[in-house]
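Below: one structure, written as structure tokens.
Proteins get letters first, then strands, A, B, ... in listed order; numbering begins at 1 in each. Reckoned from all heavy atoms, side chains included, excluding hydrogens, waters and symmetry mates.
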Protein chains: 2
Amino acid sequence: MQDAREQVPRVTLAQVADRAGVSLKTASRALGGEQYVSHETLTKVLAAANALGYRRNAAASLLASGHLVESIGLIAGDFTNPFYSALAQSVEDDIRQQGMHLSVATSWESAEQERRIVDDLASRQTKALVVVSAMSDHADYAQVQARGVPVVFVDRPAVNLDADSVVFDNRMGGRLAAQHLLDLGHTRIAFVGDYAWLPTYRERLEGMAAVLDGATSSWRELLRDDAHDVASSRARTRELLALPDPPTAIVAGNNRILLGVLEELSATGPDDAPAVIGIDEPEWARVMGITTVAGDVEAVGHHAARLAVSRLGDRTRPVEHVVLPMRLTPRRSTARHGSDSAPLRAE
Amino acid sequence: MQDAREQVPRVTLAQVADRAGVSLKTASRALGGEQYVSHETLTKVLAAANALGYRRNAAASLLASGHLVESIGLIAGDFTNPFYSALAQSVEDDIRQQGMHLSVATSWESAEQERRIVDDLASRQTKALVVVSAMSDHADYAQVQARGVPVVFVDRPAVNLDADSVVFDNRMGGRLAAQHLLDLGHTRIAFVGDYAWLPTYRERLEGMAAVLDGATSSWRELLRDDAHDVASSRARTRELLALPDPPTAIVAGNNRILLGVLEELSATGPDDAPAVIGIDEPEWARVMGITTVAGDVEAVGHHAARLAVSRLGDRTRPVEHVVLPMRLTPRRSTARHGSDSAPLRAE
DNA sequence: ATGAAAGCGCTAACAA
DNA sequence: TTGTTAGCGCTTTCAT
């Protein structure tokens, strides 16, 4: 199938015009859907184009007409994660209003894949990049910027690079979660987190530490990380529940992890299920009665779009770092003990 | 902010080269990150570019280098809906492997918005279109095809147009749901559906009718449609529950609707909560124990990508219509009465 | 309703 | 390491 594309030495408008026996411009008019083409010529040209398998060269068309490509690229983990798809949606909303397109690409949290995509996107088509980066150092992005492509870092700040960024106040998030549980009287508080190299992970942890280090000694034993998907989160949760003295509360580091924790709890089905707090606000948290700590993802998208576009217009403006607050929404997954507190019942 | 972009009369490479006191090509090399540029020149050029606010014209660059833009466009309702984001992800996977980009755009289920997007995408940048169409007639898409842009219709078939399509066997879905409930002894079966004009809605309904029309007379009174979002779905559900003789089972026409139904049930919290079946398979259905009827969304994406790309290579191949099966996954939301059947407990 | 010529802004060869 | 010269494939005038 790829062969099919490569064998064909790219039919041009000139060839179509030739075959149809008309001028270049006439063929252009016909294919472009302009007016002032007789029905007869139209038919001829369309037939010729079809026979030759003609396809307009977008670059040439754009160039000649003076239109700008104006598309911005979004690179994120994967769009199956509602956090990323919500982000994509809000960036798209903004970007399209400005008459630009949004190209999406998935890094699957791989730094190499990210680098490949950035090269591909930035070096040619894309005017600006919004990226949830899987890299731990961003010095290389300086080249991208030097080539005139602004980069906005989202959810995770840029390291060793001067660039716009939009992130949540993750320390605040960690603090809120920990404090809420502490207030409820929990002392055995577990945290199941994403990859340990993630700045979001670290900051959330720091926030929890700020609250818990003085209050309870055990929590660091109840720390689990590297739970980037549902399966690994379930495994970590299983471990925790199997402990001689299992946690009475679990904080799930993001929505994927939360899903894993809940699946495991629902499968295990202990009657004394631990309290649960999820970081992120997936759409199902409300029905499931899960207490969450989250920021406004839409706002992130809007800020990112705004920063990307504004830098397109003014390259000299100083770098901006937007930090958005997180807030806690209490629900029944952390309701007081004695009341109906189990988030789920067993199968 | 838009002004910022329009005021600037588009700086060209030539101007940058001028200002840096080098040749056009040297400037090109510097900005392009090629080798064979002295550090000194590089600095000069970068400074000039920066001062002028230069940004490379992607179209010109692409054209000159002979590279193809090769991006395909996906138009769907909105990517906040997990059905669409899963679709986007699987199309992106395939498309990127072929060295192409995926551009996404949201119609918000508006035919006019869709038309605008199609014009925008198809007439210039995009090589092929994958669309979940909000239109009820697709004759106009013939122009798009005539201009050499293949269109693949996904989830909803093309009307009055010869085009590739990938859809689910929605009648089968309706039948499966209805039969399952009938087998469980339900007679008051409600259906809360999406917009009535949607082919998916109609077909699912037809499937249910095929099973229920002979078996129970009441079900058509328990039919509600036009529930495209969570709020309207909640409203329809509330209506149904308020009926003198409320349904003992509810089929939710898609994942948004399902969420609404569940939210309403959870808020209302009747102890004799109705059985629930959701059409679609959102990631949270398993934890919540919701019986679902769904097809393989990833497969849809893969087929769509395959069809789009293959038609790029062979325009003469006959149109293909892929119909994918749906299957039912029984969970506790339709567990037999007497056992622990409530899908949720009240707040 | 159709055609001829002149570029769009950039990069690939080639030369220096 | 840098500069010169041709175009890339298409759309725009401006004719006719």
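- B/Glu320 has a carboxylate O that lies under 4.0 Å from a charged side-chain N of B/Arg306, or vice versa, which qualifies the two as a salt bridge.
- Closest to the side chain of B/Tyr54, out of C/dC10, C/dT11, C/dA1, is C/dC10.
- In summary, B/Arg156 and B/Glu109 engage in a salt bridge, as defined by a charged side-chain N under 4.0 Å from a carboxylate O.
- Judged purely by atom type and a 3.5 angstrom limit, B/Lys127 uses its side chain to pair as donor or acceptor with the backbone of A/Arg56.
- Remark: P of D/dG9 and CG of A/Leu52 are 15 Å apart, rounded to the nearest angstrom.
- Looking at which nucleotide of DNA chain D each of B/Gly21 and B/Ala60 is closest to, the 5′-most match is held by B/Gly21.
- Expressed to the nearest 0.5 Å, how far CZ of A/Phe83 lies from OG1 of A/Thr200 amounts to 8.5 Å.
- Rounded to whole Å, the distance from CG on B/Leu62 to P on C/dC10 is 12 Å.
- Regarding A/Asn57, its CG atom lies at a distance of 16 Å from the P atom of C/dC10, rounded to whole Å.
- Taking every side-chain heavy atom of B/Tyr36 into account, D/dT2 is the closest of C/dG9, D/dT2, C/dT2.
- Taking side-chain N and O atoms only, B/Ser61 has a distance below 4.0 Å to OP1 or OP2 of C/dT11.
- Atom CG in A/Asp18 sits about 17 Å away from atom P in C/dT2, given to the nearest Å.
- Between B/Lys44 atom NZ and D/dT1 atom C1' there is a gap of 12 Å when expressed in whole angstrom units.
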Are there any protein N/O atoms within less than 3.5 Å of an N/O atom in nucleotides 12-16 of chain C, and if so, which ones and at what distance?
none

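- If you measure from atom CG of B/Leu63 to atom C1' of D/dA6, you get 13 Å, rounded to the nearest angstrom.
- Contacts of A/Tyr54 classified as ring pair (Phe, Tyr, Trp, His ring centres under 6.0 Å), with partners at least two apart in sequence or in another chain: none.
- Using a 3.5 Å distance cut-off with no hydrogens or angles, the side chains of A/Ser23 and A/Thr26 do pair a donor with an acceptor.
- Classified by interplanar angle (parallel below 30°, tilted 30° to 60°, perpendicular above 60°), the ring pair B/Tyr195/B/Trp197 is parallel.
- Dashed line: the shortest gap from a side-chain N or O of A/Ser28 to OP1 or OP2 of D/dT12 is not under 4.0 Å.
- The nearest whole Å value for the distance from the CG atom in B/Leu24 to the P atom in C/dC8 is 12 Å.
- For A/Ser23 and C/dG3, the shortest distance from a side-chain N or O to OP1 or OP2 is below 4.0 Å.
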